[in-house]
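A short worksheet on the structure shown next.
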Amino acid sequence: MLTSKQRAELRAQANTIDTTLMVGKSGVTDAVIAEAENLLTARELVKGKVLEGALLSPREVSDALCEATGADGVAVIGTKFVIYRFSEKCQEERNQTGRAKRKATPVSKADPVGKGIRARRAAQKKVREQRNQYFRQMAIDKAIEREREKQLRGED
């Protein structure tokens, strides 16, 4: 299953590629599925078109091909559709040519909202502790002052 960011990136890549898979009036046949398999193995990203004589909609064709080939549907616009399936063959070619390797999708465990909440709570706790320490010290100072006054009065 593709994330929305991956799907957006694949849609952007699909803009520049040519339509290589045509689905005619006979619909999704074994020959179309075999051709889609070959294209997905060779290219990973395949753009197809459903001709006007076909009895199926582009969404139905895309879903049927994805189910038959194990691919993921990327986009369906008008009569065209784009499907994607990771290919080990393409990955090996990228590794040999020195192109970017497939990166694992980063999983961020940081929660920026929770981090901000925790930071504010820590700051509030610090302020409370400083205030409490101030008032404790003031109470101690007042108690000492009262004791001195008592001692002075008692000596007089």
Side-chain angles (χ1 to χ4, degrees), residues 1-21 23 28 33 36-50 56-156:
M1 193 58 136
L2 297 172
T3 64
S4 60
K5 285 186 178 184
Q6 292 169 333
R7 188 170 282 114
E9 186 178 324
L10 291 171
R11 272 197 313 266
Q13 290 175 10
N15 285 335
T16 59
I17 65 173
D18 294 328
T19 303
T20 54
L21 185 65
V23 179
V28 181
I33 293 171
E37 284 280 347
N38 291 338
L39 289 170
L40 286 168
T41 303
R43 298 184 179 180
E44 288 185 341
L45 193 63
V46 175
K47 185 189 277 189
K49 181 176 181 178
V50 178
L56 298 172
S57 70
R59 173 68 63 189
E60 292 170 336
V61 171
S62 174
D63 291 342
L65 284 174
C66 288
E67 187 176 319
T69 60
D72 290 313
V74 175
V76 177
I77 300 174
T79 60
K80 296 188 179 184
F81 61 92
V82 180
I83 57 177
Y84 169 81
R85 183 179 70 191
F86 177 73
S87 171
E88 291 292 332
K89 180 180 175 186
C90 289
Q91 181 64 37
E92 289 173 9
E93 289 176 7
R94 282 193 294 265
N95 289 345
Q96 288 176 355
T97 59
R99 286 177 47 197
K101 296 181 181 178
R102 183 178 186 197
K103 298 176 186 173
T105 305
V107 178
S108 176
K109 293 185 180 179
D111 179 16
V113 174
K115 186 177 179 182
I117 291 170
R118 286 189 296 275
R120 284 190 297 278
R121 285 182 183 163
Q124 290 171 350
K125 183 178 179 182
K126 185 177 179 182
V127 167
R128 270 195 316 270
E129 288 173 354
Q130 288 174 344
R131 187 176 53 231
N132 290 342
Q133 184 179 7
Y134 170 78
F135 285 118
R136 261 189 239 113
Q137 189 62 42
M138 291 299 291
I140 291 170
D141 292 344
K142 286 284 187 185
I144 292 171
E145 189 177 321
R146 279 191 300 253
E147 284 295 320
R148 285 186 186 154
E149 287 178 4
K150 282 183 184 179
Q151 287 177 358
L152 290 175
R153 274 190 246 137
E155 291 178 2
D156 287 339

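Scope of the values below: all heavy atoms of this structure, side chains included, with no hydrogens, waters or symmetry mates.
- Here the closest non-hydrogen pair linking L45 and Q13 is CD2-CB, 3.8 Å.
- Of the residues D63, V61, L56, the one that meets the side chain to side chain contact (heavy atoms under 4.5 Å, CB included) test with R59 is D63.
- Taking CG from L10 and CG from D72, the interatomic distance works out to 9.0 Å, rounded to the nearest 0.5 Å.
- A distance of 11.5 Å separates CD in Q130 from CZ in R128, rounded to the nearest 0.5 Å.
- Nearest approach of S62 to F81, heavy atoms of both residues: CB-CB, 4.0 Å.
- Note: L65 CG to I83 CD1 = 5.0 Å, rounded to the nearest 0.5 Å.
- Heavy-atom neighbours of E149 CD from other residues, nucleotides or ligands within 6.0 Å: above the threshold of 12.
- Remark: E44 does not engage K89 in a salt bridge, criterion side-chain N to carboxylate O under 4.0 Å.
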(message) Does M138 form a side chain to side chain contact (heavy atoms under 4.5 Å, CB included) with Y134? I'd like the steps, not just the answer.
(response) CA-CA 6 Å; M138 291 299 291; Y134 170 78; 3.7 Å; yes
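- Residues L40 and S87 come closest through the heavy atom pair O-CB, 3.8 Å.
- For the pair D141 and E145, the minimum side-chain heavy-atom distance is 4.5 Å or more.
- Formation of a donor-acceptor pair under 3.5 Å by the R85 side chain with backbone atoms of T69 is found in this model.
- Distance CZ/R43 to CD1/I17: 7.5 Å, rounded to 0.5 Å.
- The minimum heavy-atom distance linking P58 with V50 is given by the pair CA-CG2, 3.7 Å.
- Rounding to the nearest 0.5 angstrom, the gap separating the CD1 atom in I144 from the CZ atom in R148 is 6.5 Å.
- Using a cutoff of 4.0 Å between basic side-chain nitrogens and carboxylate oxygens, K5 and E9 are not scored as salt-bridged.
- Distance check, rounded to the nearest 0.5 Å: OG1 of T16 to NZ of K47 gives 7.5 Å.
- Minimum heavy-atom separation, C66 to G73: SG-N, 3.3 Å.
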